[in-house]
Amino acid sequence: MFGDWGHGICLLLGALKLGSFMEMLFGGRYVLLLMSLFSIYCGLIYNEFFSVPFHIFGGSAYKCRDVTCSDAKSAGLIKFRDPYPFGVDPSWRGSRSELPFLNSLKMKMSILLGVAQMNLGIVLSYFNARFFRSSLDIRYQFVPQMIFLNSLFGYLSLLIIIKWCTGSQADLYHVMIYMFLSPTDDLGENELFWGQRPLQIVLLLLALVAVPWMLFPKPFILKKLHSERFQGRTYGLLGSSEFDLDVEPDSARDHHEEFNFSEVFVHQMIHSIEFVLGAVSNTASYLRLWALSLAHSELSTVFYEKVLLLAWGYDNIIIRLIGLAVFAFATAFILLMMETLSAFLHALRLHWVEFQNKFYHGDGYKFKPFSFALITDDDD
């Protein structure tokens with residue numbers, strides 16, 4: 001009996017054909033599930049539900065200094081207890097300093113996430129080099145890239161965390177700009193910890209050394225190894241992926257292939273310049289996370305305050321129903337669909353450009369489709 005029911009249900013589901021749009025949604029159901037879970041997590045971080053702040057994890061850490069600020073929530077808030085246990089304190093919502101505070105928070109979080117992901121990409125390039133047994137890539141690409149990125153933007157991430165933990169009022173823009181313009185000047189009120197100025201000088205020198213470290217050694221070492229290989233000094237396969245030559249058997253020893261030093265050097269120079277400039281542009285590109293979060297938050301606020309609350313202010317059921325319908329339509333089609341698609345495309349771009357260019361080259365092998373004719377030719 002149950003078998004018949006099961007077969008009948010399976011046949012019924014098989015007979016129902018999804019439309020093209022629903023098939024696309026069904027194919028990406030796990031992506032949508034993950035995106036929804038992460039959206040719920042972000043809502044918990046900001047302690048908001050449809051742009052409405054909720055004290056989910058206890059009371060606020062701030063209270064009014066006097067009765068005059070209880071209505072406006074714009075000034076007079078003082079801190080009287082420990083920070084909010086999880087996420088952003090809901091009392092920031094509606095205050096005069098809400099936008100500057102949240103903008104600063106989201107911008108710093110975007111930089112931290114970006115630097116962490118770019119470091120992960122460089123670490124993956126190390127495992128690629130180990131897989132291909134390329135010690136040159138480890139010594140002259142992985143190491144200087146890690147030094148350069150973390151001497152500048154890893155140091156910026158450290159300053160952000162220290163500023164959060166200490167509550168300092170230091171201007172990080174001033175610190176990073178004058179790290180290049182006047183590294184020996186006194187930091188004054190922008191000093192976050194003892195020994196910051198000599199540390200900045202050391203990090204700046206390391207970043208300057210890392211650039212020629214990436215550029216010059218590898219082409220000259222490749223040239224030296226190539227000349228030694230064909231002079232009979234070394235015959236074994238070199239432990240570097242650069243010498244996996246597609247040549248005929250025994251031709252490596254019988255035929256001296258020309259080493260195009262200028263081509264190798266130009267390629268290495270392009271790669272080095274791309275990484276140095278990309279370290280700046282890629283970090284700035286992660287600020288799109290801040291812009292997307294700000295746009296989504298402001299749209300949610302506009303739809304809630306200017307549509308739903310405005311309609312609810314009328315003592316008319318028709319106007320309230322129209323306002324509710326407009327709010328539901330805007331939430332479903334603009335926030336949940338258009339904003340989700342926009343966030344997905346930006347995240348895809350960050351993965352493809354900023355993250356994968358640290359380790360993915362896309363060289364691979366030329367595709368050769370299966371063919372019986374080729375098998376017959378090989379047998380002949």
Side-chain angles (χ1 to χ4, degrees), residues 108 110-161 172 175-177 179-180 183 199-225 238-244 261-289 347 349-364:
K108 292 180 174 66
S110 301
I111 293 175
L112 291 178
L113 290 173
V115 172
Q117 190 176 41
M118 287 190 292
N119 272 289
L120 176 61
I122 299 175
V123 170
L124 292 179
S125 72
Y126 166 77
F127 289 103
N128 276 346
R130 280 194 59 185
F131 177 80
F132 291 108
R133 299 178 181 177
S134 177
S135 58
L136 288 180
D137 287 341
I138 296 176
R139 291 196 297 264
Y140 303 111
Q141 284 191 10
F142 166 73
V143 175
Q145 286 179 0
M146 288 292 290
I147 291 175
F148 182 85
L149 181 65
N150 291 291
S151 295
L152 301 180
F153 299 102
Y155 173 64
L156 174 60
S157 302
L158 176 65
L159 292 181
I160 290 173
I161 295 174
L172 299 186
V175 172
M176 293 303 297
I177 290 174
M179 177 180 175
F180 294 93
L199 176 62
Q200 288 187 174
I201 296 174
V202 172
L203 292 176
L204 185 60
L205 292 175
L206 285 175
L208 294 176
V209 170
V211 177
W213 189 351
M214 279 187 284
L215 176 59
F216 293 109
K218 187 176 176 180
F220 288 98
I221 293 176
L222 288 176
K223 186 177 187 304
K224 180 175 178 293
L225 291 176
L238 296 174
S240 173
S241 62
E242 287 81 5
F243 284 97
D244 294 336
F261 177 77
S262 61
E263 181 180 348
V264 174
F265 186 80
V266 169
H267 175 76
Q268 188 66 22
M269 181 173 63
I270 293 174
H271 183 77
S272 302
I273 295 174
E274 181 184 10
F275 179 82
V276 172
L277 297 181
V280 180
S281 64
N282 292 350
T283 305
S285 184
Y286 277 94
L287 294 177
R288 69 182 66 237
L289 298 175
R349 194 264 184 193
L350 288 175
H351 279 81
W352 180 255
V353 179
E354 278 71 26
F355 174 56
Q356 292 194 12
N357 70 352
K358 303 293 185 296
F359 64 94
Y360 179 72
H361 300 291
D363 296 335

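No experiment lies behind these values; they were computed from the predicted model shown.
- Atom CZ of Arg130 is surrounded by 12 or fewer heavy atoms from other residues, nucleotides or ligands within 6.0 Å.
- In this structure, OG in Ser134 is found 11.5 Å from OH in Tyr140, a value given to the nearest 0.5 Å.
- Taking the side chain as every heavy atom from C-beta outward, Ser125 and Ile122 approach each other to under 4.5 Å.
- Considering only heavy atoms from C-beta on, Met214 comes within 4.5 Å of Val276 through its side chain.
- A heavy-atom distance below 4.5 Å is not found between the side chains of Leu124 and Lys358.
- Separating the OG atom in Ser151 from the CG atom in Leu206 is a distance of 4.5 Å, to the nearest 0.5 Å.
- Using a 4.5 Å heavy-atom cutoff, the side chains of Leu289 and Leu350 are in contact.
- Atom CG in Leu205 sits 7.5 Å away from atom CD1 in Ile201 (nearest 0.5 Å).
- Annotation: the span from Gln145 atom CD to Asn119 atom CG amounts to 10.5 Å, rounded to 0.5 Å.
- The CG atom of Leu208 lies 11.0 Å from the CG atom of Leu203; values are rounded to the nearest 0.5 Å.
- Counting heavy atoms from C-beta outward, Phe265 and Phe216 have side chains that approach closer than 4.5 Å.
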Determine, stepwise, if the pair Leu156 / Val175 fulfils side-chain contact (heavy atoms from CB on, under 4.5 Å).
CA-CA 9 Å; Leu156 174 60; Val175 172; over 6 Å; no
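- Taking every heavy atom of both residues into account, Leu215 and Gln268 meet most closely at O-CG, 3.4 Å.
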Chi angles and distances behind the side-chain contact (heavy atoms from CB on, under 4.5 Å) call for Phe359, Phe127
CA-CA 9 Å; Phe359 64 94; Phe127 289 103; over 6 Å; no
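- Taking every heavy atom of both residues into account, Leu149 and Phe275 meet most closely at CB-CZ, 4.5 Å.
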Working note: His271 + Gln141, criterion side-chain contact (heavy atoms from CB on, under 4.5 Å); need CA distance, chi angles, decisive distance, verdict.
CA-CA 10 Å; His271 183 77; Gln141 284 191 10; 3.8 Å; yes
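- Contact check for Phe355 versus Met118: no side-chain heavy atoms found under the 4.5 Å cut-off.
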Between Gln200 and Tyr155, is a side-chain hydrogen bond (donor to acceptor under 3.5 Å, both in side chains) present by the stated rule, with each step listed?
CA-CA 9 Å; Gln200 288 187 174; Tyr155 173 64; 2.6 Å; yes
Kindly indicate, with the supporting measurements, whether the criterion ring-ring contact (aromatic ring centres under 6.0 Å, His included) is fulfilled by Phe261 and Phe220.
CA-CA 8 Å; Phe261 177 77; Phe220 288 98; 5.1 Å; yes
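- Within the 4.5 Å cutoff, side-chain heavy atoms of Tyr286 are placed close to those of Glu354.
- With contacts defined as side-chain heavy-atom distances shorter than 4.5 Å, the pair Tyr126/Ile138 qualifies.
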Let's go through Asn357 and Asn282 carefully: what are the C-alpha distance in whole Å and the side-chain angles of both, what is the deciding distance for side-chain contact (heavy atoms from CB on, under 4.5 Å) to 0.1 Å, and is it a yes or a no?
CA-CA 10 Å; Asn357 70 352; Asn282 292 350; 3.7 Å; yes
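- Once rounded to the nearest 0.5 Å, the distance linking CZ of Phe148 with OG of Ser272 reads 10.5 Å.
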Arg349 and Ser285: CA distance, side-chain angles, deciding distance, side-chain hydrogen bond (donor to acceptor under 3.5 Å, both in side chains) verdict
CA-CA 10 Å; Arg349 194 264 184 193; Ser285 184; 2.8 Å; yes
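- Pro217 and Pro212 get closest at one heavy-atom pair: CD-O, 3.3 Å.
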